[in-house]
There are 2 protein chains.
Amino acid sequence: MKCINLSSEEKLKEAAKSVFLKKGFAGTTARDIADAAGMNIALTNYYFRSKEKLFIEIFRDLFQLYCTNTIKILEKPIGLEEKIIEIIEEDYRMMKEEPTLVLFIMTEIHRDCENLLPELSKYKELLNGILIKQIEDAKKNGLVRDIEVEHLMPIIMGSLQFVFVGKNMHRKMYGLSEEDFDQFTETHKNHVIGMVTNYLFRSS
Amino acid sequence: MKCINLSSEEKLKEAAKSVFLKKGFAGTTARDIADAAGMNIALTNYYFRSKEKLFIEIFRDLFQLYCTNTIKILEKPIGLEEKIIEIIEEDYRMMKEEPTLVLFIMTEIHRDCENLLPELSKYKELLNGILIKQIEDAKKNGLVRDIEVEHLMPIIMGSLQFVFVGKNMHRKMYGLSEEDFDQFTETHKNHVIGMVTNYLFRSS
DNA sequence: ATAAATTTTAAACAACCATTTAAAAACTTC
DNA sequence: GAAGTTTTTAAATGGTTGTTTAAAATTTAT
């Protein structure tokens with residue numbers, strides 16, 4: 001029976017994704033999306049029933065993009081220091097690919113946390129369950145500083161992601177071109193690696 | 001001639017500030033503001049000519065709030081380590097007072113950087129000019145690690161402010177009440193102090 | 001107290017919003 | 001290639017947006 005043309009539906013979804021990423025839910029109109037896709041205004045509702053349903057679908061995808069690869073690294077059977085470096089490298093790669101993603105995620109969760117993160121606790125388990133054990137083991141052996149994962153992760157994510165959250169502010173403040181900014185974030189990432197590993201493994 | 005009743009104008013501005021902080025520019029309607037102030041819808045335009053002019057006025061105030069106290073500390077004639085600790089403590093105090101401020105600032109700069117930060121470079125000079133010299137001196141004496149202020153500040157601000165930018169995400173992920181969150185951020189602040197000072201002054 | 005100036009109000013404004021409709025166009029299927 | 005199904009379209013829907021208007025209420029100055 002219902003055999004939706006994936007080409008049109010996905011074209012619309014891709015357009016919506018890029019507009020939502022740029023302007024957020026409140027700042028985006030159905031016409032913005034239709035225009036960006038080069039399609040008729042009615043098609044948003046034909047394929048996705050409403051602007052909000054389309055948004056939620058896209059948000060889920062983007063939240064996956066934000067988390068999934070990091071979680072995969074957490075599950076890898078490698079040493080703690082190597083793992084943390086890989087997490088930072090992966091996080092950096094993800095933001096270089098989609099520089100507005102972090103601010104988008106934070107803004108929309110702030111706007112409508114309950115609807116957008118109904119089952120977040122599973123992420124908590126995935127994100128921390130594995131790492132906690134690894135860190136506890138290292139602590140017992142005196143190889144690592146005494147810090148909870150609940151603080152370590154925001155320190156890593158924060159010090160790294162913040163330059164992307166405030167991309168426009170940093171670009172304007174330091175007068176950076178797009179290329180300059182790329183260079184800036186890469187150097188920054190290396191400082192983060194240095195600081196975090198130093199604090200965890202080589203501090204006095 | 002024109003003698004505007006400051007009481008009404010400021011009541012409106014305070015209401016607008018709290019609504020804008022919560023919902024952002026795009027998510028706020030003129031009626032939201034009027035309702036929050038308990039005043040007539042026409043008064044927004046009577047006193048401030050337009051929603052955007054009112055917003056810009058409020059944004060300026062809030063950006064000042066975001067920066068001013070930190071800049072004051074930068075100018076104090078105290079040692080580098082003490083200064084960095086004071087900056088972190090002050091930044092923490094500011095965010096505890098207005099937890100949504102950082103996300104607000106970042107979101108709105110992302111939306112309309114050119115209009116909102118016309119003369120940002122003066123902040124750069126204030127923010128960095130003084131600190132750069134102090135750090136360069138310390139470097140010469142081998143007292144501090146080799147890191148540029150352009151990276152040090154985002155690392156400090158980022159690792160600290162990120163838990164407030166992602167307040168709802170963190171609260172939901174770890175199941176924190178408001179009091180739990182306060183406790184969480186205070187502990188976090190102390191980790192940030194430990195990590196930054198350790199990296200700068202006591203690393204191998 | 002009266003006149004002038006200022007502030008507040010309810011109502012209206014056109015423009016825009018998300019969404020729906022119903023007909024046209026483009027496809028499938030037999 | 002005709003009948004049926006799916007996709008696309010232009011137009012219209014009712015509601016909301018920011019802003020304006022003109023009259024009413026209040027305050028100020030004489």
Side-chain angles (χ1 to χ4, degrees), chain A residues 1-62 104 107-108 111-112 114-116, chain B residues 1-62 104 107-108 111-112 114-116:
Chain A
M1 297 294 123
K2 221 173 182 182
C3 175
I4 287 173
N5 180 351
L6 281 184
S7 164
S8 275
E9 186 179 344
E10 294 217 313
K11 204 197 298 175
L12 201 55
K13 199 170 166 181
E14 281 306 307
K17 189 187 284 184
S18 95
V19 180
F20 278 139
L21 267 170
K22 194 175 179 190
K23 302 194 186 186
F25 179 76
T28 298
T29 72
R31 280 166 187 83
D32 289 337
I33 297 170
D35 289 352
M39 299 171 86
N40 188 280
I41 169 77
L43 290 177
T44 306
N45 289 64
Y46 177 73
Y47 284 111
F48 301 96
R49 293 185 54 198
S50 77
K51 176 192 166 188
E52 197 182 1
K53 291 210 168 64
L54 169 56
F55 177 82
I56 288 177
E57 212 170 291
I58 287 172
F59 179 87
R60 295 263 160 85
D61 293 349
L62 290 174
F104 170 84
T107 305
E108 302 303 335
R111 180 180 60 82
D112 189 15
E114 295 307 317
N115 276 326
L116 295 177
Chain B
M1 298 296 119
K2 222 175 182 180
C3 174
I4 287 172
N5 179 352
L6 280 183
S7 164
S8 274
E9 186 180 342
E10 295 217 313
K11 203 197 299 176
L12 200 55
K13 199 171 165 181
E14 281 306 307
K17 190 188 286 186
S18 96
V19 179
F20 278 139
L21 267 171
K22 194 175 178 189
K23 303 193 186 186
F25 179 77
T28 299
T29 73
R31 281 162 185 85
D32 289 339
I33 297 170
D35 289 353
M39 298 172 86
N40 188 280
I41 168 75
L43 290 177
T44 306
N45 288 59
Y46 177 73
Y47 283 111
F48 300 96
R49 293 185 53 199
S50 77
K51 176 193 168 189
E52 197 181 3
K53 290 210 170 65
L54 169 57
F55 177 82
I56 288 176
E57 210 169 293
I58 288 172
F59 179 86
R60 295 262 160 86
D61 293 350
L62 289 174
F104 170 84
T107 304
E108 302 303 334
R111 180 180 60 82
D112 189 14
E114 295 307 317
N115 275 326
L116 295 176

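Below, all heavy atoms of this structure are taken into account, side chains as well, without hydrogens, waters or symmetry copies. Letters go in sequence order (proteins before strands), and every chain restarts at 1.
With ring centers used as reference points, B:Phe104 lies 6.0 Å or more from B:Phe20.
OP1 or OP2 of D:dT9 has not a single side-chain nitrogen or oxygen of A:Tyr46 nearer than 4.0 Å. In terms of phosphate contacts, B:Ser8 brings a side-chain nitrogen or oxygen within less than 4.0 Å of OP1 or OP2 of C:dT8. Checking the phosphate oxygens (OP1, OP2) of D:dT20, a side-chain nitrogen or oxygen of B:Asn45 falls inside 4.0 Å.
If one axis is set at each end of the helix from C:dA1-D:dT30 to C:dA12-D:dT19 from five pairs, those axes are 20° apart, to 10°.
Ion pair B:Lys11/B:Glu14 not flagged as a salt bridge, since none of the NZ, NE, NH1 or NH2 atoms sits closer than 4.0 Å to an Asp/Glu carboxylate oxygen.
When side chains are defined from C-beta on, A:Glu57 counts as touching A:Lys13, because their heavy atoms get closer than 4.5 Å. Looking at heavy atoms from C-beta onward, B:Glu52 lies in side-chain contact with B:Asp112 at the 4.5 angstrom threshold.
Which of C:dA18, D:dG18, D:dT7 sits closest to the side chain of B:Thr29 comes down to D:dG18. Which of D:dT8, C:dA10, C:dT7 sits closest to the side chain of B:Ala42 comes down to C:dA10.
A:Ser50 comes within 4.0 angstrom of the backbone, heavy atoms only, and of no base.
Distance B:Glu9 CD to C:dT8 P: 10 Å, rounded to the nearest Å. The separation between B:Ile33 atom CD1 and D:dT19 atom C1' is 13 Å, rounded to whole Å.
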Test side-chain contact (heavy atoms from CB on, under 4.5 Å) on A:Phe55 and A:Ile33 and set out the steps. CA-CA 11 Å; A:Phe55 177 82; A:Ile33 297 170; over 6 Å; no
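Between B:Arg31 and A:Ile41, the one whose closest nucleotide on DNA chain C sits nearer the 5' end is B:Arg31.
No more than 12 heavy atoms of other residues, nucleotides or ligands shown are found within 6.0 angstrom of CZ on A:Arg49.
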